[in-house]
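Supplied in C-alpha cells, the structure appears directly below.
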Amino acid sequence: MDDTLEEAKAIIKKYDQEHLLNGYEKLDENKKKKLLDQILNIDFELIKSLYENTTKENLENSDVIEPMEYLDKNKLYDDYKYYENIGKHAIQEGKLAAVTMAGGQGTRLGHNGPKGTYDIGLDSHKPIFEILCDTLKTAEKKYGVFVTWYIMTSKENNDATVKFFEDHDYFGYPKDKVVFFKQGQLPMIDTKGKVLIGEDGLIKQAADGHGGIFLSMKKNGIIYDMKSRGIEWAFIGGVDNVLVNMVDPVLLGLAIDKKVLA
C-alpha cells in the first residue's frame, strides 16, 4: 500500500491535483484502496488536454462548411440490388454485428430504470429492448443467421439491464449472441480543472458518452470478441431509436464496396 500511495502522490503532484488525497487518512481501508486505484487508472493527461481545450478562444478562420458526399438510397436504382447482394452475403456469413448504446437511464422519460426497459406505450407494451430485439429476430428469419448483439451499458445500469434480459429470457434471442459491456467513465472536474471528490471521499466520475464507445469496446475486449466470431462490420446505434434497422444489407453493401474504413 505504501508504494502505491507514493506512486499516487507523484501522479497527482505532476498534474496539480494534490487535493485528491486531502481526506485519505479519514477513509477506511477499502476506500483507501479504491481511491488509490482510481488515481492510478485515471488518464490525467487526457483530462488536462480536455480542460485546456475548453479555455481556448474560438479563432475565426476561412474554413467553409460544405455538405458531405452521400448516396440517396431511393435513387440507387440498378445499383440497389448490387449493394444489397453484397450486404446480404456478408450478413449470411456472420460478418455483421449490431451494437446498441444503452448506458442511459430513463429519468427524462419519467421512468425509473435503464432507458431500454421503458414501455413506449404500444398496445403490446413491449419495452424498447424487446422492440430492437424483434428487429434482429426478423433479420434471422430473412437471412438465416442470428446477428451478434452487443449492448453497451453503464456502471449505473449494467446490473439492472442484465437482470432485465434474464427475467425476460432474452426475448427469445440466443443468450450466446447477446454481449454486455460497460461504457467508460471520466472524472468530473470544476471550472478550474480540478478533479472533484464526492462526499464518500472518492473521485466523482460520469459516463464518457457515446463518443467513448470505441475505446470502451477496446478496453472491454469487444473488438477481440468480434474478431473471434469472424465479425468484420458493426452497425452502431442508440437505444432511443426504436425504428432503426440494425441489419440493413444495402447500407452494409455500400460500406463494404466503398471501403469506408479502409
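What you are looking at is a predicted structure, and each value in this text was computed from that prediction instead of being measured. All values below were derived from every heavy atom in this structure, side-chain atoms included, with hydrogens, water molecules and symmetry-related copies excluded.
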So with a 6.0 Å cut-off around NZ of Lys177, is the heavy-atom count from everything else above 12?
-> yes
Side chains of Leu136 and Met246: closer than 4.5 Å at any heavy-atom pair?
-> yes
Okay, side chain of His89, backbone of Asn85: is any donor-acceptor separation there less than 3.5 Å?
-> no
From CA spacing to verdict: side chain to side chain contact (heavy atoms under 4.5 Å, CB included), Asp119, Ile128 = CA-CA 7 Å; Asp119 175 350; Ile128 293 175; over 6 Å; no
Any side-chain heavy-atom pair from Thr54 and Thr191 closer than 4.5 angstrom?
-> no
Indicate yes or no: does Lys9 engage Glu6 in a salt bridge with an N to O separation below 4.0 Å.
-> yes
Look at Asp16 together with Lys48 and state whether they make a salt bridge at an N to O cut-off of under 4.0 Å.
-> no
Could you go through the side chain to side chain donor-acceptor pair (under 3.5 Å) check for Glu45 and Tyr15 one step at a time?
-> CA-CA 8 Å; Glu45 195 63 40; Tyr15 291 99; 2.7 Å; yes
Donor-acceptor pair, side chain of Gln17 and main chain of Gly193, under 3.5 angstrom | yes
How is the hydrophobic cluster of Leu215 composed, in terms of its other members, when Ile, Leu, Val, Met, Phe, Trp and Tyr link through side-chain heavy atoms under 4.5 Å apart, directly or indirectly?
-> none
Reported NZ-to-OG1 distance for the pair Lys142 and Thr138, which is rounded to 0.5 angstrom = 9.5 Å
Output yes when a side-chain donor or acceptor of His19 lies under 3.5 Å from a complementary backbone atom of Ile197, and no otherwise.
-> no
Quick check: are there more than 12 heavy atoms from other residues, nucleotides or ligands sitting under 6.0 Å from NZ of Lys194?
-> yes
Spacing of CG belonging to Leu243 relative to OG1 belonging to Thr135, to within rounding of 0.5 Å = 8.5 Å
Do Tyr143 and Pro249 come close enough that some side-chain heavy atom pair is under 4.5 Å?
-> yes
Any donor-acceptor N/O pair, Asp248 side chain to Val250 backbone, under 3.5 Å = yes
Locate the shortest heavy-atom distance separating Ala234 from Val99; write the atom from each residue and the value.
-> CB-CG2, 4.1 Å
Any link between Ile223 and Phe235 through a network of hydrophobic side chains (Ile, Leu, Val, Met, Phe, Trp, Tyr) touching at under 4.5 Å?
-> no
Assert yes or no for the condition that the ring centre distance of Phe171 to Phe129 is strictly below 6.0 Å.
-> no
Is the shortest distance from a Lys or Arg side-chain nitrogen in Asp200 or Lys31 to a carboxylate oxygen in the other one below 4.0 Å?
-> no
Side chain to side chain contact (heavy atoms under 4.5 Å, CB included) between Gln105 and Lys115, worked out = CA-CA 5 Å; Gln105 296 290 86; Lys115 192 180 295 183; over 6 Å; no
Check whether any side-chain heavy atom of Leu196 sits under 4.5 Å from a side-chain heavy atom of Pro187, and report yes or no.
-> no
d(Thr55 OG1, Tyr51 OH) to nearest 0.5 Å is 6.0 Å
Side-chain donor-acceptor pair present, Ser154, Asn157, cut-off under 3.5 Å | yes
Could you tell me whether the side chain of Leu96 reaches within less than 4.5 Å of the side chain of Ile231, counting heavy atoms only?
-> no
Do Tyr118 and Val162 belong to the same hydrophobic cluster, where Ile, Leu, Val, Met, Phe, Trp and Tyr are linked whenever their side-chain heavy atoms lie under 4.5 Å apart, directly or via other members?
-> yes
What is the minimum heavy-atom distance between Asp225 and Ser228, and which atoms define it?
-> O-OG, 2.6 Å
CD1 on Ile151 to OG1 on Thr100, rounded to 0.5 Å | 6.0 Å
Between Val179, Ile236, Ile213, which is the residue that forms a side chain to side chain contact (heavy atoms under 4.5 Å, CB included) with Tyr150?
-> Val179
Are any non-hydrogen side-chain atoms of Leu46 and Leu186 less than 4.5 angstrom apart?
-> yes
Taking C-beta and beyond as the side chain, do Thr117 and Glu130 meet within less than 4.5 Å on heavy atoms?
-> no
Look at Lys126 together with Asp134 and state whether they make a salt bridge at an N to O cut-off of under 4.0 Å.
-> yes
Taking the side chain as every heavy atom from C-beta outward, state whether Phe44 and Ile39 have any atom pair closer than 4.5 Å.
-> yes
Asp167/Lys163 salt bridge by N-O under 4.0 Å criterion = yes
Is the number of heavy atoms from other residues, nucleotides or ligands under 6.0 Å of His111 NE2 greater than 12?
-> yes
Worked check of side chain to side chain contact (heavy atoms under 4.5 Å, CB included) between Thr161 and Glu166 | CA-CA 9 Å; Thr161 299; Glu166 291 175 344; over 6 Å; no
Do any N or O atoms from the side chain of Gln183 and from the backbone of Gly212 form a donor-acceptor pair under 3.5 angstrom?
-> no
Got a second to check how far Ile256's CD1 is from Leu252's CG, nearest 0.5 Å?
-> 4.0 Å
Worked check of side chain to side chain contact (heavy atoms under 4.5 Å, CB included) between Gln205 and Gln38 = CA-CA 10 Å; Gln205 298 187 80; Gln38 285 184 315; 3.2 Å; yes
Is the charged tip of Lys32 near the ring of Tyr24: under 6.0 Å from the six-membered ring centre and within 45° of its axis?
-> yes
Backbone N or O of Gly184 within a donor-acceptor pair of the Ser216 side chain at under 3.5 Å?
-> yes
Specify whether Phe165 and Phe180 have parallel, tilted or perpendicular ring planes, treating 30° as the upper limit for parallel and 60° as the lower limit for perpendicular.
-> perpendicular
Has Asn112 got more than 12 heavy atoms of other residues, nucleotides or ligands less than 6.0 Å from its CG?
-> no
